[in-house]
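Below: the structure, in structure tokens.
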Amino acid sequence: MPQLPGTDLTVSDLCLGGNVFGWTADEATSHAVLDRFVDAVPGTQSPFVDTAEMYGDGRSEQILGGWMAERGLRDRMVVATKASPGRKEHPLSSREVKAAAERSLRNLRTDRIDLYYAHYDDATTPLEETLTAFDELVREGKVRHVAASNYSPARLTEALETSERLGLARYVALQPHYNLVERPAYEDGLRDVVAANGLGCLPYFALAKGFLTGKYRAGERVDSPRAQGAQAYVGERGDRVLAALAEVASAHGVSQAAVALRWLADQPTVTAPIASGRDVDQVADLLPMQDLVLTDDERAALTASAG
């Protein structure tokens, strides 16, 4: 069972991304997606959902909050959201962090956020100010744990050292861009910081904007708002990766998406990958990753395919 290091949060193997709620999935579809996801999570785990104040300008949080209230499931869930830049001049200033948290609490219709991220680093605000604001939210019981997203190795290290020096709540996790075809940015620097400091890693774009599902290939058009981003991986290297995924998926009778997610979940320091689906069928393709067991040879073949 995945345990978020430094916390008492036992989370699901897959973290469901809420970025599609109110964007490519309307409210009814989003509720159906959440129902399907929660039904598939073992009772020993807490269904883990990730959102942010900037997703749909708060609409994603509102849809998730409404669903939790209707189903009476808040206490079973682990909910992560983020203080996002938006159009703020100093997005991680004390005033903005506290205002963002209050908005998210209202949107989510809850009295606490389980994991609250700094969505992007803010070089215009001293780390001491940001971390003190996060610490006050933790002390007030409005936030259980704090985390970072899109930080460089140097800034993440500085933030952790600052928290230690000032006796403030420290980041317990990092949310980086990391997947089978996007590895150096995490593996060549951030991973060492995460490992050395006992943090959890919760990668976003775990399916490379949909490319690792196998539906994006040269000469094929896919009706998706992510299509342009996924096209960046189309080519000889991408073909090798998709071929390796297809072989492993066929051997286990699961989707390529499930294999890609399991590979990521099995990487050192990774707690749970984040992936989303805009309808129930897409989410159903992801869920087998929870029970999938890859052999060492399969993992090695997948790693080698990405070169």
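A salt bridge between D285 and K215 is absent, with no side-chain N of the basic residue lying under 4.0 Å from a carboxylate O of the acidic one. Residues D111 and K142 are not paired through a salt bridge, judged by the lack of any N-O separation under 4.0 Å between the basic side chain and the carboxylate. Taking a cutoff of 4.0 Å between a charged side-chain nitrogen and a carboxylate oxygen, R112 and E140 do not qualify as a salt bridge. The pair E136-R139 does not count as a salt bridge, with every side-chain nitrogen at least 4.0 angstrom from each carboxylate oxygen. For the pair R36 and D39, the salt-bridge criterion is not met [side-chain N within less than 4.0 Å of a carboxylate O]. Salt-bridge annotation for R183 and D188: absent, with no side-chain N of the basic residue lying under 4.0 Å from a carboxylate O of the acidic one. With respect to the salt-bridge test (charged N to carboxylate O, under 4.0 angstrom), the residues R106 and E61 do not qualify. Between D114 and R74 there is a salt bridge, since a side-chain N of the basic residue sits under 4.0 Å from a carboxylate O of the acidic one.
Defined by atom type and a distance below 3.5 Å, a donor-acceptor pair is present between the side-chain atoms of T125 and D122. A side-chain N or O of Y233 and one of E182 form a donor-acceptor pair less than 3.5 Å apart. Counted by atom type alone, T10 and Q3 present one or more donor-acceptor pairs between their side chains at under 3.5 Å. Judged by distance alone, the side chains of D35 and W67 do bring a donor and an acceptor atom under 3.5 Å apart. Using modelled atom types and a 3.5 Å distance limit, the side chains of T81 and T51 yield no donor-acceptor pair.
Taking CG of N197 as the reference point, atom CG of L156 lies at 7.0 Å (rounded to 0.5 Å). L302 contributes atom CG, which lies 11.5 Å from atom CG of L264 (distance to the nearest 0.5 angstrom). Remark: I113 CD1 to S104 OG distance equals 5.0 Å, nearest 0.5 Å. Atom CG of L180 and atom OG1 of T303 lie 7.0 Å apart (nearest 0.5 Å). Summarising the geometry, atom OH belonging to Y151 is positioned 4.5 Å from atom CG belonging to D121; distances are rounded to the nearest 0.5 Å. Considering CZ of F48 and CE of M77, their distance stands at 10.0 Å, rounded to 0.5 Å.
At least one side-chain heavy atom of I274 sits less than 4.5 Å from a side-chain heavy atom of Q175. E128 is listed as a side-chain neighbour of R165, based on a closest heavy-atom distance under 4.5 Å. Taking the side chain as every heavy atom from C-beta outward, L131 and L166 never approach each other to under 4.5 Å. Within the 4.5 Å cutoff, the side chain of S152 has heavy atoms near those of the R155 side chain. Annotation: side chain of L286 is in contact with side chain of L261 (closest heavy-atom distance under 4.5 Å). Annotation: side chain of V79 is in contact with side chain of L108 (closest heavy-atom distance under 4.5 Å). Between M289 and V254 the shortest side-chain heavy-atom distance does not fall below 4.5 Å. Counting only heavy atoms from C-beta outward, the side chains of I63 and H31 approach each other to under 4.5 Å.
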- Please report the C-alpha distance between V138 and H145 in whole Å, then the side-chain angles of each, then the deciding distance to 0.1 Å, and finally whether the side chain to side chain contact (heavy atoms under 4.5 Å, CB included) criterion is met. CA-CA 7 Å; V138 172; H145 303 284; over 6 Å; no
* From CA spacing to verdict: salt bridge (Lys or Arg N to Asp or Glu O under 4.0 Å), E164, R170 -> CA-CA 7 Å; E164 181 71 22; R170 75 194 290 267; 5.2 Å; no
Inset, instruction - Any chance you could lay out the side chain to side chain contact (heavy atoms under 4.5 Å, CB included) test for H252 and V293, step after step, and finish with the verdict? - result: CA-CA 9 Å; H252 290 273; V293 178; 5.9 Å; no
Show your working on side chain to side chain contact (heavy atoms under 4.5 Å, CB included) between V194 and Y171 and close with a plain yes or no.
CA-CA 10 Å; V194 168; Y171 293 148; over 6 Å; no
Original post:
Stepwise, does the side chain to side chain contact (heavy atoms under 4.5 Å, CB included) test hold for E298 with W263?
Top reply: CA-CA 9 Å; E298 287 171 336; W263 177 91; over 6 Å; no
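E102 places no side-chain N or O within donor-acceptor distance of the main-chain N or O of K98, the cut-off being under 3.5 Å. Although no hydrogens or angles enter the test, the distance criterion places no donor-acceptor pair under 3.5 Å between the side chain of Q256 and the main chain of L245. Formation of a donor-acceptor pair under 3.5 Å by the T132 side chain with backbone atoms of E129 is not found in this model. Not a single donor-acceptor pair under 3.5 Å links the side chain of S84 to the backbone N or O of G86. Side-chain atoms of S30 come within 3.5 Å of backbone atoms of D26 as a donor-acceptor pair (strictly under, hydrogens ignored). Listed for the R299 side chain is a donor-acceptor partner under 3.5 Å among the backbone atoms of L294. Between the T29 side chain and the A25 main chain, no donor and acceptor come within less than 3.5 Å of each other. Put simply, the side chain of Q282 gets close to the backbone of R278: a donor and an acceptor are under 3.5 Å apart. In this structure, S93 contributes its side chain and H90 its backbone to a donor-acceptor pair below 3.5 Å. A donor-acceptor contact shorter than 3.5 Å is absent between the side chain of R109 and the backbone of A69.
Contact detail for F37 and S12: the closest heavy-atom pair is CZ-OG, 3.6 Å. The shortest non-hydrogen separation linking V146 to V143 is CG1-CG1, 3.9 Å. Heavy-atom minimum distance, A100 versus E53: CB-OE2, 3.4 Å. Contact detail for P153 and G189: the closest heavy-atom pair is CG-C, 3.9 Å. The two atoms that bring V78 and S46 nearest to each other are CG2-CB, 3.5 Å, heavy atoms only. Between F211 and A230, the shortest heavy-atom contact is CD1-O, 3.8 Å.
Residues V241 and V234 are members of one and the same hydrophobic cluster, defined by side-chain heavy-atom contacts under 4.5 angstrom among Ile, Leu, Val, Met, Phe, Trp and Tyr. Residue Y120 is not grouped with residue L190 when hydrophobic side chains (ILVMFWY) are merged at heavy-atom distances under 4.5 angstrom, including chains of intermediate members. L92 and Y55 end up in different hydrophobic clusters when Ile, Leu, Val, Met, Phe, Trp and Tyr side chains are linked at under 4.5 Å. The hydrophobic cluster containing V49 does not contain M54, counting ILVMFWY residues as joined when their side-chain heavy atoms lie under 4.5 angstrom apart, directly or transitively.
Between F134 and Y116, the distance separating the two ring centers is shorter than 6.0 angstrom.
Enclosure of atom CZ in R71 by more than 12 non-hydrogen atoms of other residues, nucleotides or ligands within 6.0 angstrom is indicated.
H177 and Y204 have parallel rings, their planes meeting at less than 30° on a 0 to 90° scale where 60° marks the start of perpendicular.
K209 forms a cation-pi arrangement with F205, by the criterion of a distance under 6.0 Å to the ring centre and an angle within 45° of the ring axis.
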